Structure formats: C-alpha cells, structure tokens
Amino acid sequence: MSSLSGKVCVVTGAGSGIGRALAENLAARGARLALSDVGEAGLQPTADRARAKGAEVHTARVDVSDRAAVTAYADAVATHFGVVHQIYNNAGVAHSNSILESEYEEYERVFGVNLWGVIHGTKAFLPHVIASGDGHVINVSSLNGYLAQPDMSHYCTTKFAVRGFTETLRAEMLQAGHRVGVTVVHPGGIKTNIATAAFEEAKASGKEVTPADEERRRLYNEKLLKMDPAQAAEIILSGVEAGRSRVLVGTDAKAVDLLVRLLPVRHATLFAALQKRMLK
Ligand SMILES: NC(=O)c1ccc[n+]([C@@H]2O[C@H](COP(=O)([O-])OP(=O)(O)OC[C@H]3O[C@@H](n4cnc5c(N)ncnc54)[C@H](O)[C@@H]3O)[C@@H](O)[C@H]2O)c1
C-alpha cells in the first residue's frame with residue numbers, strides 16, 4: 001500500500017499539466033485531495049478524474065499570488081479535512097522577454113505566482129503540515145532553478161529562489177526536529193500548456209507577435225517539452241514516497257544538472273549555442 005494512502009494532499013495549479021497529473025496519481029495512491037487553480041475551467045475536469053479514481057476531493061479557485069486568499073484557503077482546507085499532510089506548491093507561469101526590454105510589471109507578475117505563490121503556500125500550510133506529525137512540503141522549481149537562459153530572467157530568478165527557499169525550509173525542519181519532509185522538484189521539459197499559456201498571455205497584453213515568434217514557440221513545444229506529465233508525476237511522487245530532498249525529472253534535467261556542476265562558467269556558452277541550433 002502507498003504511504004500516501006489516506007493522506008490529505010494539497011495541489012496548487014491543479015487545472016492543467018503537472019498539477020493535474022499529480023492529482024490523478026495521488027488519487028490512484030489513495031490520497032485525499034484539496035485541488036486549487038486560478039482558473040476554474042481546468043480544475044473541474046481534474047477533480048472529476050481524481051474522483052473517478054475514488055478520491056475524496058475538495059476544490060477551490062485560488063490565486064496563489066494573493067496572500068490573504070492563500071491564508072484563508074489553508075484554514076478552509078484544514079477545517080474541511082481536519083488535517084493536512086502535504087502541500088504541492090506547483091502553480092507557475094512562464095514568460096519571455098529580455099532584461100533590457102522588460103517592464104517591472106512583468107517581473108512582478110511572474111514573481112507573484114512563481115515565488116510568492118510558493119512562499120504563501122508554504123507559510124500558510126506549514127503549521128498544519130507540522131501538526132499532522134508526518135508532513136511533506138513539495139515545491140516545484142525547474143531545470144531553470146540551476147540553468148539560466150536568455151529572455152527568461154523572470155522565470156529563472158523565481159526558480160533559483162524557490163530552490164533557495166526550499167533548501168532553507170529543509171534545514172529549518174531538520175534543526176527543529178519536525179517530522180516534515182521537504183522536496184524541491186526540478187523538472188526538465190514536460191509536455192504541458194505552460195509555453196503556450198505564456199505566449200497567449202503576451203499576445204493578450206498587446207505584445208507584437210511575429211510569425212517568427214509563432215515558429216519559435218512551436219519548435220520550443222515540439223523539441224524541448226517532451227515528457228508526458230503523467231510520467232513526470234510518477235517520478236515526483238516516487239521521489240516523495242522515497243523521502244528524496246531533490247527530484248530531477250527527465251534526462252534533460254539530469255544532464256543539465258551534471259554539466260552545470262562540471263562546467264560552472266563555461267556551460268553558458270555551450271547552452272547558448274545549443275539553444276540557438278535547436279530553435280532554428
Ligand atoms: N512544463 C515544463 O516543461 C516545466 C518545466 C519545469 C518546471 N515546470 C513547472 O511546473 C509547474 C506546473 O507547470 P505546468 O508545466 O504544468 O504548466 P501548465 O500551464 O500546464 O499548468 C500551470 C497551472 O497553474 C495555474 N496557475 C497559473 N497562475 C496561477 C495563479 N496565480 N494561481 C493559481 N494557479 C495558477 C494555471 O491556471 C495552470 O492550470 C510550474 O511551476 C512550472 O514552472 C514546468
């Protein structure tokens with residue numbers, strides 16, 4: 001039997017991609033679920049799939065960048081289930097623009113979801129997770145939590161920070177002797193809606209989109225986002241069940257991790273050339 005059986009697990013950004021796959025896999029492992037997303041359209045189908053696997057499911061529309069909303073949500077989930085064991089801070093957005101051309105608002109929007117969202121979720125749920133006596137905090141960073149890429153400063157800054165925040169949390173839980181596992185997840189390219197959502201967001205905010213941009217997005221999705229989200233969820237949850245502190249998802253995430261450590265400076269030149277070739 002899975003160690004997740006009967007556990008109350010919270011998943012943010014559960015309406016799509018990795019969040020949806022985590023919800024389905026957690027349901028199959030017998031977990032009870034609190035699923036949330038900023039968009040309700042994707043959330044209900046996720047909840048239906050989890051219920052079809054026999055899970056008890058609580059759903060809520062929550063914007064993780066809204067501190068008051070996340071705080072109230074944590075209390076609502078704890079009241080509903082009486083206990084909370086695990087929080088998967090998964091909600092995230094991508095964004096593309098150079099540092100030279102970015103407006104401060106672009107940083108604020110991405111930081112709000114990817115970094116503040118993780119801090120809000122962790123802080124709001126941590127007292128409940130500690131009180132469960134057998135808790136776990138899982139924060140989703142990225143391969144961009146150790147690899148910087150051009151035009152992704154908003155995303156890379158948040159994902160490097162999620163790693164620092166999560167590793168600090170682990171040190172604090174160890175120091176305090178709390179029975180709380182802490183895992184930072186670094187996925188490589190997973191076949192989800194993340195790049196397309198960022199592209200649509202840019203278009204909606206009035207950014208001029210050329211046919212070359214469209215082509216780059218198509219190539220990015222096709223060549224870099226390859227792993228099925230269900231496989232990613234299986235790797236993440238196997239890592240959580242095994243008590244791993246750091247889970248790298250995919251051969252790309254593992255290869256990049258190794259290269260960055262072997263060539264702490266020179267890898268930047270290599271990756272710039274590689275990316276140029278791949279997205280041509
Ligand atoms: N897909 C990849 O290749 C990849 C790689 C590395 C890391 N990640 C990370 O995995 C996580 C999940 O991304 P995904 O690829 O499944 O993307 P996705 O776009 O398919 O799903 C992200 C979900 O987050 C939700 N969301 C966005 N803003 C939100 C907010 N303010 N509050 C609550 N929910 C919000 C979206 O509505 C969506 O349902 C993200 O943190 C992402 O950075 C993804």
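Just so you know, ligand 1 is whichever comes first in the structure, and atom 1 is the first atom listed for that ligand. Fair warning: this is a prediction, and the values are worked out from it, not measured in the lab.
Proximity of a side-chain donor or acceptor of Glu167 to a complementary backbone N or O of Gly164 within less than 3.5 Å is not detected. Between the side chain of Thr12 and the backbone N or O of Asn90 there is at least one donor-acceptor pair closer than 3.5 Å.
Of the options Gly13, Gly250, Ala94, Ala21, the smallest heavy-atom separation from atom 24 (O) of ligand 1 is shown by Gly13. For atom 32 (N) of ligand 1, the choice among Ile18, Val64, Asp37 with the nearest heavy atom turns out to be Val64. Between Pro229, Ser142, Gly188, it is Gly188 that holds the heavy atom closest to atom 4 (C) of ligand 1. The option with the heavy atom closest to atom 10 (O) of ligand 1, from among Asn144, Asn89, Val140, Thr196, is Val140.
For ligand 1, the atoms lying closer than 4.0 Å to a non-hydrogen atom of Ala91 are 24 (O), 33 (C), 34 (N), 35 (C), 41 (O). Under a 4.0 Å criterion applied to the non-hydrogen atoms of Asp63, ligand 1 contributes the atoms 30 (C), 31 (N), 32 (N). Below 4.0 Å from some heavy atom of Val62 lie the following atoms of ligand 1, by number and element: 32 (N), 33 (C). Of all atoms in ligand 1, numbered sequentially from 1 with element shown, those under 4.0 Å from a heavy atom of Tyr155 are 6 (C), 7 (C), 8 (N), 9 (C), 42 (C), 43 (O). Near Leu225, with a cut-off below 4.0 Å to any heavy atom, the atoms of ligand 1 are 3 (O). Contact atoms of ligand 1 toward Gly15: 39 (O) (distance under 4.0 Å to a heavy atom of the residue). Residue Gly17 has at least one heavy-atom neighbour below 4.0 Å for each of these atoms of ligand 1: 16 (O), 20 (O).
Counting heavy atoms of neighbouring residues, nucleotides and ligands inside a 6.0 Å radius, atom CZ of Arg51 exceeds 12 of them. The local environment of CD1 in Ile99 is sparse, with at most 12 non-hydrogen atoms from other residues, nucleotides or ligands closer than 6.0 Å.
The aromatic rings of Phe125 and Tyr73 stand perpendicular to each other, their planes meeting at an angle above 60°, with 30° marking the opposite boundary.
Between Val93 and ligand 1 there is a heavy-atom distance shorter than 4.0 Å. For Lys159, the closest heavy-atom approach to ligand 1 falls below 4.0 Å. The shortest separation from a heavy atom of Gly189 to ligand 1 is under 4.0 Å, placing the residue in contact.
A salt bridge does not link Arg61 to Glu40: none of the charged side-chain nitrogens sits closer than 4.0 Å to a carboxylate oxygen. Ion pairing between Glu234 and Arg29 holds under the 4.0 Å rule for side-chain N and carboxylate O. Using a 4.0 Å cut-off between a side-chain N of Lys or Arg and a carboxylate O of Asp or Glu, Asp252 and Lys226 do not qualify as a salt bridge.
Just one of Arg170, His136, Arg246 meets the side-chain hydrogen bond (donor to acceptor under 3.5 Å, both in side chains) condition when paired with Thr183; it is His136.
Looking at Ser141 against ligand 1, only its backbone comes within 4.0 Å, counting heavy atoms. At a heavy-atom distance under 4.0 Å, no atom of Ala197 approaches ligand 1. Residue contacts with ligand 1 for His186 are absent, since no atom lies close enough (heavy atoms, distance under 4.0 Å). In Val113, the part holding a heavy atom less than 4.0 Å from any atom of ligand 1 is the side chain.
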* Could you walk me through whether Asp213 and Lys207 pass the salt bridge (charged side-chain N to carboxylate O under 4.0 Å, His left out) test, one step at a time? => CA-CA 11 Å; Asp213 293 329; Lys207 187 170 185 253; 5.1 Å; no
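The nearest heavy-atom contact from the protein to atom 29 (C) of ligand 1 is Val38 CG1, 3.5 Å. Scanning all protein heavy atoms for the shortest distance to atom 3 (O) of ligand 1 gives Ile190 N, 2.7 Å. The nearest protein atom to atom 18 (P) of ligand 1, hydrogens excluded, is given as Ser16 OG, 3.6 Å; this is a heavy-atom distance.
Checking Tyr220 against Glu222 by side-chain atom types alone, no donor-acceptor pair falls below 3.5 Å. With 3.5 Å as the limit, one finds no donor-acceptor pair spanning the side chains of Thr46 and Glu24.
In terms of N/O distances under 3.5 Å, ligand 1 is not approached by Ala14. By the 3.5 Å distance cut-off applied to N or O atoms, Thr192 is counted among the residues near ligand 1.
Linking Ile, Leu, Val, Met, Phe, Trp and Tyr residues whenever their side-chain heavy atoms come within less than 4.5 Å leaves Tyr104 and Val113 in two separate clusters.
Between atom OG1 of residue Thr251 and atom CG of residue Leu258 there is a gap of 12.5 Å, rounded to the nearest 0.5 Å.
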